[in-house]
Amino acid sequence: MTTATATAPAQSHAGAPRRNLAGRIVDRLGSGVVQVVMILLGLFWLVPTLGLLVVSLRTTEVNNAEGWWTIFTKPAEITIANYADLLAGGFGASFWNTVAITVPTTILVIGIAAMAAYAFAWMEFPGRDLLFLVVVGLLIVPIQIALIPVAALYGQAGIFGSIPGVVLFHVAFGLPFAIFLLRNFFIGIPASLLEAARMDGAPEWRIFVSVVFPLGKPAIASLGIFQFLWVWNDMLIALVYANPANQPMTKYLQSQMRQFGTNMDILSSGAFLSLIIPLVLFFAFQRYFVQGMMAGSVK
């Protein structure tokens with residue numbers, strides 16, 4: 001009895017899981033000191049955005065003569081004239097062109113990729129694995145090599161320079177990554193849920209809409225945010241495929257820089273306005289975004 005009693009604590013201690021370095025760091029992240037440090041770092045990263053806002057609210061003469069931080073001692077220098085001049089020009093049209101490009105692209109990529117990912121993950125059809133390898137292989141195809149061939153194709157189809165042409169290009173090059181991401185998420189859904197739905201007589205489209213799509217909301221939201229930001233901030237595709245009448249904000253701001261050079265009040269105003277929609281989108285869906293980022297870490 002003495003031997004058994006003496007060895008019991010040792011066995012219990014040996015059987016306890018050991019925390020590695022990463023685990024100990026995660027445990028310490030909950031401390032108050034670390035949280036204060038993280039808040040200070042977050043505020044530090046917001047300083048450039050604050051500077052951009054201040055520059056957009058002052059005239060060019062004041063910005064050239066003083067640093068943006070002097071606004072705290074001279075609040076009378078604030079003016080909204082820069083935004084009024086910007087909206088009176090072509091920025092408003094370019095803003096709606098950006099919306100007309102980004103929103104359909106994001107919806108099409110999410111819709112097509114979700115259905116394709118479900119098929120690759122849970123449906124049996126000839127050549128499924130080979131076709132999925134082709135989709136994965138398309139991830140390494142750089143956009144630049146397709147600019148000239150697609151431009152020639154668009155010219156023959158009569159859509160070069162139009163918004164639908166820009167949308168189609170973004171959709172084509174956004175689908176491979178989207179399908180790859182969602183397929184890897186969907187395949188982690190318990191097969192018993194799908195089998196139970198099939199036993200109840202649910203068709204595949206019903207299983208996708210009622211079971212897979214709701215469970216995949218975190219991954220879909222993360223993909224939607226990434227896709228939206230990618231298209232919203234894109235300038236390369238806009239420079240090649242959008243004519244002046246259909247140019248998005250990025251191309252419009254680039255043209256203003258070419259025309260006015262140091263006109264930073266107009267450029268900063270346009271840059272800050274272009275930040276508003278992505279920020280609203282991110283904060284609105286940040287809960288799903290975090291869930292999508294953490295989904296694979298607990299499996």
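When reading the values below, keep in mind they use all heavy atoms of this one structure, side chains included, and skip hydrogens, waters and symmetry mates.
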Joint hydrophobic cluster, Ile277 plus Val280, side-chain heavy atoms closer than 4.5 Å: yes
Nearest heavy atoms of Val167 and Ala100, plus distance in Å: CG2-O, 4.1 Å
Criterion side chain to side chain contact (heavy atoms under 4.5 Å, CB included) on Thr79 and Arg58, from CA distance to verdict: CA-CA 6 Å; Thr79 177; Arg58 301 199 305 184; 5.6 Å; no
Taking every non-hydrogen atom, the tightest pair across Ser274 and Met249: CB-CE, 3.8 Å
Validation row: Asn82, Leu57 side chains within 4.5 angstrom (heavy atoms): no
Distance in Å, Leu193 CG paired with Leu215 CG, rounded so as to fall on 0.5 Å steps: 6.5 Å
Separation between CG of Leu194 and CE of Met123, rounded to the nearest 0.5 Å: 11.0 Å
Val141 vs Leu138 side-chain heavy atoms within contact, under 4.5 Å: yes
Side chain to side chain contact (heavy atoms under 4.5 Å, CB included) assessment of Met235 paired with Leu253: CA-CA 10 Å; Met235 187 170 67; Leu253 292 176; over 6 Å; no
Test of ring centre spacing under 6.0 Å for Phe186 and Tyr118: no
Single-linkage hydrophobic cluster Trp205~Val211, side-chain heavy atoms < 4.5 angstrom: yes
More than 12 heavy atoms from other groups under 6.0 Å of CZ on Phe125: yes
Asp234 backbone acceptor or donor facing Thr250 side chain under 3.5 Å: yes
Asn243 side chain to Ala245 backbone, donor-acceptor under 3.5 Å: yes
Any donor-acceptor pair under 3.5 Å from Asn246 side chain to Ala242 backbone: no
Spacing of NZ belonging to Lys251 relative to CD1 belonging to Ile237, to within rounding of 0.5 Å: 12.0 Å
Heavy-atom neighbours of Arg206 CZ exceed 12 at 6.0 Å: no
Stepwise side chain to side chain contact (heavy atoms under 4.5 Å, CB included) check, Val99 with Trp96: CA-CA 5 Å; Val99 173; Trp96 291 113; 4.2 Å; yes
Enclosure of Phe213 CZ (heavy-atom neighbours >12, cutoff 6.0 Å): no
Euclidean distance, Phe208 CZ relative to Trp122 CH2, rounded to 0.5 Å: 14.5 Å
Within 45° cone of Phe120 ring axis and under 6.0 Å: Arg128 NZ or CZ: no
Side-chain touch Phe95/Tyr252, heavy atoms, less than 4.5 angstrom: no
Pairwise distance CH2(Trp230) to NE2(His170) - rounded to 0.5 angstrom: 9.0 Å
Chi angles and distances behind the side chain to side chain contact (heavy atoms under 4.5 Å, CB included) call for Leu86, Leu273: CA-CA 10 Å; Leu86 183 68; Leu273 285 178; 3.7 Å; yes
Ser162 and Ile159, any side-chain heavy atoms less than 4.5 Å apart: yes
Heavy-atom pair of closest approach, residues Pro214 and Val209: CD-O, 3.2 Å
Nearest non-hydrogen partners of Ala113 and Leu175, listed with the distance: N-CD2, 3.9 Å
Single-linkage hydrophobic cluster, 4.5 Å side-chain cutoff, Trp69 and Val62 together: no
Mutual orientation of the aromatic rings belonging to Phe169 and Tyr241 [parallel < 30°, tilted 30-60°, perpendicular > 60°]: tilted
Joint cluster assignment, Leu281 & Leu46, ILVMFWY side-chain distance < 4.5 Å: no
Qualifying residue, where the test is side-chain contact (heavy atoms from CB on, under 4.5 Å) with Val166 and the options are Ile101, Thr105, Val231, Thr102: Ile101
Any Gln144 side-chain heavy atom under 4.5 Å of Leu236 side chain: yes
Validation row: Gln247, Leu239 side chains within 4.5 angstrom (heavy atoms): no
Non-hydrogen atoms of Phe160 and Ala151 that approach each other most closely: CE1-CB, 3.8 Å
CG on Leu182 to CE on Met115, rounded to 0.5 Å: 11.5 Å
More than 12 heavy atoms of other groups within 6.0 Å of Ile148 CD1: no
Atom CD1 of Ile80 with >12 non-hydrogen neighbours under 6.0 angstrom: no
Polar side-chain atom of Ser56 near backbone of Leu53 as donor-acceptor pair, under 3.5 Å: yes
Shortest non-hydrogen contact between Leu139 and Pro176, atoms and distance: CD2-C, 3.5 Å
Joint cluster assignment, Leu153 & Leu168, ILVMFWY side-chain distance < 4.5 Å: no
Side-chain touch Leu275/Leu52, heavy atoms, less than 4.5 angstrom: yes
Pairwise side-chain contact, Phe272 with Tyr83, heavy-atom cut-off 4.5 Å (strictly under): yes
